[in-house]
Amino acid sequence: ANASLIFIPAPFVKDAAYEAIDAGVELVTIITEHIPIQDSMDIVAYGKKHGVNIIGPNTPGLASPKVGKLGIIPMSILKEGNIGMVSRSGTLTYEIASQLTLSNYGQSSCVGIGGDPVTGLRYIEVLEMFENDPETDAVVMVGEIGGNAEEDAAKKMISKMKKPVISYIAGQSAPEGKRMGHAGAIIEKGVGTAKSKMQALENAGAHVAKRISDIPLLLKEII
């Protein structure tokens, strides 16, 4: 076995993740949500120490039409193609993947990094993987309000990428202090707003979609 998929209740996830890492598993995907932040921090740190990729927690997992899936992304909406997807939101991943498929754009892989404040693989690492993937020609990055993961990715990775990146930020009309569905999706003291994220992504060279329906149109223009 080279991958582990964790669906169990939150109080037991840390033990399960450690067990998989100790067994030499290379990829641990954690679907479970409501995991204590300290447990998530411990899991991520333990994974890094042993060179294990952690996806999640609170993620739909990942899926590739050519290979299969680890998680709960419905394969029925995917189509084999050359568009990579990385997202903090499961349902937005499904919706955008479906719109891409209906517009005749298939996916190379779809990766949900998770909506919690602490996660394993971040946008930066997944974007780098897509940049180096010969089967990916463009990347759709789906973000949301809260935290600075999108700004960090814009500065450290997107600005250096040769492949085009189309981004969409959910929560554009959310007021300060309003939390969306994810634990990490909350604007605090003006930090993590949709406006700041969209500006950072645009400055880094990403194509910023204001509406989900704009994404296939932007793809048509750039590839």
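Nothing here was measured: the structure is a model prediction, and the numbers come from that model.
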Could you state the interatomic distance from CD1 (Ile145) to CD1 (Ile169), rounded to the nearest 0.5 Å?
-> 10.0 Å

From CG (Asn203) to CD1 (Ile158), nearest 0.5 Å | 11.5 Å

Can you confirm whether [X] sits close enough to [Y] that some side-chain heavy atom of one is under 4.5 Å from a side-chain heavy atom of the other?
X      : Y      : answer
Val165 : Phe130 : no
Thr101 : Gln107 : yes
Leu121 : Met129 : yes
Val13  : Asp39  : no
Lys69  : Leu78  : no
Ile166 : Ile83  : no

Between the side chain of Thr29 and the main-chain N/O of Ile55, is any donor-acceptor distance below 3.5 Å?
-> no

So, Gln199 side chain and Ser196 main chain: donor-acceptor pair closer than 3.5 Å or not?
-> no

Qualifying salt bridge (Lys or Arg N to Asp or Glu O under 4.0 Å) pairs, either residue in [range], two or more places apart:
range            : answer
residues 7-18    : Lys14-Asp42
residues 194-203 : Glu150-Lys197, Glu151-Lys197
residues 205-223 : Arg211-Asp214

Counting only heavy atoms not in [X], do more than 12 fall under 6.0 Å of its [atom1]?
X      : atom1 : answer
Met41  : CE    : no
Ile212 : CD1   : yes
His50  : NE2   : yes

Pair listing, ring pair (Phe, Tyr, Trp, His ring centres under 6.0 Å) test, anchored in residues 80-126, at least two apart = none

Report the residues that fulfil ring-ring contact (aromatic ring centres under 6.0 Å, His included) with Tyr18, sequence neighbours left out, ordered by chain and then residue number.
-> Tyr46

Please name all residues satisfying side chain to side chain donor-acceptor pair (under 3.5 Å) with [X], sequence neighbours left out, ordered by chain then number.
X     : value
Ser4  : none
Thr93 : Ser87
Glu95 : Gln99
Glu80 : none

For the side chain to side chain donor-acceptor pair (under 3.5 Å) test, which of Thr119, Asp116, Thr32 pairs with Asn58?
-> Asp116

Nearest heavy-atom neighbours spanning Ala153 and Ile124 | CA-CG1, 3.7 Å

Contact list for residues 127-136, test side-chain hydrogen bond (donor to acceptor under 3.5 Å, both in side chains), sequence neighbours left out = Lys66-Glu135, Ser108-Thr136, Asp133-Thr136

Provide the full list of side-chain hydrogen bond (donor to acceptor under 3.5 Å, both in side chains) pairs with a residue in residues 154-168, sequence neighbours left out, each pair given once.
-> Asp152-Lys156

Among Ile43, Val52, Asn53, find the one that has a side-chain contact (heavy atoms from CB on, under 4.5 Å) with Val28.
-> Val52

Pairing residues for Ala154 by the side-chain contact (heavy atoms from CB on, under 4.5 Å) criterion, not counting sequence neighbours = Ala200, Leu201, Ala204

